Amino acid sequence: MKFNFLFKTIVVGFLVLFIASCDKDVNEIGAGILGEDHYGLDKMERNVIAYSQNMGAVQTNDLPINSLGYYNNPVFGKTKASFVSQLQLTSTNPSFYRTPANIVIDSVYLYVPYFSSFQSTDATSGDSTYSLDSIHGANEIDLKVYESKYFLKDHDPSTGFLQLQKYYSNQQSDFDSNTGVLLNDDNRNIQDSTLIDNSQNSKFKFSDKQIKLYKNVGTTNVAVKERLAPGMVISLKKDFFRDKIFNAPSGKLFNNDIFKDYFRGLYFKVGNAPTSLNQGSLAKLNFANGYIRIAYRDNLSATNTGTVRRVIQIKLGGHSVNLFENDNNYPGYVTPNPTTGDQKLFVKGGDGSMAVIDLFGGLPNNASNTELQAIKNQNLLINEANLTFHIDKDAMKDASGNNAPEPNRIYLYDLNNKRPLVDFYSDFTTSSKTKYSKYVHGGIIKKDSDSRGTTYKIKITNHIRNLVLNDSTNVRLGLVVTENINSPSNANLLTPITNGAFQTKFVPVMSVVNPLGTILYGSNIPVGNINYDKRLKLEIYYTKPN
């Protein structure tokens with residue numbers, strides 16, 4: 001018996017060390033790390049209590065990634081995501097030598113690159129092909145780019161300017177009532193001005209085509225001046241920028257602190273396109289990589305009237321706000337039951353919903369938790385512990401059989417203390433795709449042969465060991481979708497979640513960034529139900545001492 005105990009311990013220890021030392025890619029299949037036999041370890045299952053919780057409006061200022069577009073999710077309904085950004089001059093206090101009326105503006109365009117991967121370049125044409133990432137849907141949207149006249153503050157005056165200003169996903173009316181000039185009402189194609197196609201406004205579409213800018217826009221057989229990776233390229237009003245930049249009052253371009261109050265930003269407002277009233281497309285974008293480029297001709301200097309071509313670049317930077325208008329449909333949704341748990345868990349990003357999970361019957365006080373105490377009394381060696389979340393595949397499609405897009409990863413965290421679990425910190429595994437790092441801790445979707453998700457598994461071995469061996473507090477756990485598990489920071493909820501004496505007013509930022517959702521089987525599935533074995537439960541693999 002002693003040999004058997006020692007052998008099991010050595011085998012498991014070796015496997016954990018081996019796995020932790022590997023640096024491999026983890027794809028969307030999310031294959032199990034240790035397999036399913038667990039090498040003959042004993043297993044126990046313990047019930048948990050899990051229920052859904054709506055989040056309401058969430059803090060969306062200064063997100064690392066933002067959503068833009070209009071998308072009708074087959075399951076969760078329609079989402080319109082608009083965006084506001086401040087602007088910054090790349091080079092401040094520029095000098096102009098001609099009068100504003102005599103400066104020749106060749107072009108003013110906005111460029112925001114998409115998340116894309118280079119594929120290949122044609123040796124003859126020089127054209128490159130790309131594949132796009134983080135775009136849902138393939139239809140047109142109505143995109144309006146306005147001058148924003150709403151000033152985004154650094155600090156909150158209601159706190160005596162002691163705290164940073166927060167902006168929330170439901171504040172669209174504030175920006176709607178503070179719009180300036182519509183800047184993208186030019187119906188010419190930016191790459192060929194002979195084409196009238198509304199592709200920059202009412203028929204905007206996210207395209208995987210390489211951007212080619214020519215020396216003479218609208219002519220044929222001319223050299224390509226510049227090639228850009230796929231992105232949003234929109235021609236903006238020249239007369240507006242002639243007045244705003246070249247005819248700016250003295251001192252308004254002196255530095256960016258002054259400039260951001262003078263030119264307060266851009267407002268990207270999204271609606272459904274006339275050609276696609278019920279379905280559009282939505283992209284995740286890093287607007288901080290975007291810019292406005294003004295190409296113009298001026299005198300060489302104050303004393304030299306020779307002509308020179310110059311460029312002013314204004315980057316999208318400073319503060320920003322993402323604005324959401326959501327249906328947030330939840331098919332089969334019932335009022336959450338924190339006492340007995342729910343049959344289904346609705347977990348959706350943005351300003352959607354999360355799941356709340358209580359282990360061992362939901363009693364945070366270890367001393368009065370008889371189920372947890374019974375495990376502690378056995379002095380077991382905890383080899384592995386995990387929560388496996390089964391996806392309700394039927395619920396993840398609409399009545400016509402259209403599948404909803406699925407989040408690649410979910411994230412489990414300490415809801416009481418708004419921080420990751422110890423298993424997050426102790427997992428040093430990495431991947432060439434950074435979003436799949438910490439793959440031993442898990443939460444990565446596992447897919448079936450039909451490329452649809454089946455489960456998410458999250459290992460919480462060290463968390464359970466601390467409860468059993470170190471008398472750690474049995475905290476409530478939160479479950480959300482995540483865009484990137486490597487960024488565990490938090491955003492505020494406009495209205496705190498309250499359940500008895502328990503309250504939380506935070507949600508992980510990377511859940512706000514991800515607009516997707518999933519429906520999971522919960523903990524309260526009756527015995528005899530066909531899906532009883534898919535209920536959420538805590539699985540513990542252990543070795544008994546002799």
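Fair warning: this is a prediction, and the values are worked out from it, not measured in the lab.
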> Is it the case that atom NZ in Lys225 sees more than 12 heavy atoms from other parts of the structure closer than 6.0 Å?
yes
> Is a donor on one side and an acceptor on the other found under 3.5 Å between the side chain of Asp62 and the backbone of Ser320?
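Indeed, once roles are kept as given, a pair shorter than 3.5 Å links the two residues.
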> Where does the angle between the aromatic ring planes of Phe83 and Phe268 fall among parallel (under 30°), tilted (30 to 60°) and perpendicular (over 60°)?
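Tilted, since the angle between the ring planes falls between 30° and 60°.
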> Should the heavy atoms of other residues, nucleotides or ligands under 6.0 Å from CZ of Phe151 be counted, would the total exceed 12?
yes
> Under 3.5 Å, is there a donor-acceptor pair between the Ser95 and Arg310 side chains?
no
> Test your reading of the model: is there a side-chain donor-acceptor pair from Gln210 to the backbone of Ser128, 3.5 Å cut-off?
yes
> Here's a test for you: under side chain to side chain donor-acceptor pair (under 3.5 Å), which of Gln172, Lys149, Glu147, Lys144 qualifies with Tyr267?
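It is Gln172, the one option of Gln172, Lys149, Glu147, Lys144 that forms the side chain to side chain donor-acceptor pair (under 3.5 Å) with Tyr267.
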> Taking atom types as modelled, find out whether Ser125 and Asp122 have a side-chain donor-acceptor pair closer than 3.5 angstrom.
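Result is yes, a qualifying pair exists.
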> Taking Lys153's backbone N and O only, do any of them form a donor-acceptor pair with Tyr167's side chain (distance below 3.5 Å, no angle check)?
yes
> Could you tell me whether the side chain of Asp298 and the main chain of Ile103 form a donor-acceptor pair under 3.5 Å?
no
> When you measure from the side chain of Asp448 to the backbone of Asp450, do you find a donor-acceptor pair of N or O atoms at a distance under 3.5 Å?
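No; judged by distance alone, with no hydrogens or angles, the pair does not exist.
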> Just wondering, do Leu415 and Met354 contact through their side chains at under 4.5 Å, heavy atoms?
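Side-chain contact under 4.5 Å: yes.
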> Please answer whether the main-chain N or O of Phe346 pairs with a side-chain N or O of Ser52 as donor and acceptor at a distance below 3.5 Å.
yes
> Donor-acceptor pair, Asn73 side chain versus Thr79 backbone, under 3.5 Å?
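Between the backbone of Thr79 and the side chain of Asn73 there is no qualifying donor-acceptor contact (under 3.5 Å).
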> Would you say that Pro515 contacts Phe324 through its side chain, given a criterion of any heavy-atom pair below 4.5 Å between the two side chains?
no
> Determine which pairs satisfy ring-ring contact (aromatic ring centres under 6.0 Å, His included) with at least one residue from residues 110-136, sequence neighbours left out, and list them in order.
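Only Tyr111-Tyr291, Tyr114-Phe206, Phe118-Tyr130 qualify under ring-ring contact (aromatic ring centres under 6.0 Å, His included).
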> In terms of heavy-atom contacts, does NZ of Lys284 have more than 12 from other residues, nucleotides or ligands at under 6.0 Å?
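Count over threshold, so yes.
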> Looking only at side-chain N and O atoms, does Asn486 offer a donor or acceptor that is under 3.5 Å from a partner on Asn484?
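Checked: Asn484/Asn486 side chains pair up, N/O donor to acceptor below 3.5 Å.
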> How are the rings of Phe259 and Phe263 set relative to one another: parallel (under 30°), tilted (30 to 60°) or perpendicular (over 60°)?
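Ring orientation, 0 to 90° scale: perpendicular.
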> Can Lys244 be said to sit on top of Tyr262's aromatic six-ring, NZ or CZ under 6.0 Å from centre and within 45° of the ring axis?
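Judged by the rule (NZ or CZ under 6.0 Å from the ring centre, within 45° of its axis), Lys244 counts as positioned above Tyr262.
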> Heavy atoms, side chains only, cut-off 4.5 Å: are His155 and Gln165 in contact?
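Side-chain contact under 4.5 Å: no.
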> State whether a side-chain donor-acceptor pair under 3.5 Å links Asn326 with Asp351.
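Side-chain D/A pair, Asn326 to Asp351: present.
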> Does a side-chain heavy-atom distance below 4.5 Å link Ile458 with Leu479?
yes
> Do any N or O atoms from the side chain of Asn514 and from the backbone of Thr482 form a donor-acceptor pair under 3.5 angstrom?
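Looks like yes, one N/O pair under 3.5 Å.
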> Do any N or O atoms from the side chain of Thr518 and from the backbone of Val347 form a donor-acceptor pair under 3.5 angstrom?
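No, Thr518 side chain to Val347 backbone: no donor-acceptor pair under 3.5 Å.
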> Please check if the side chain of Asn322 supplies one atom and the backbone of Thr60 the other of a donor-acceptor pair under 3.5 Å.
no
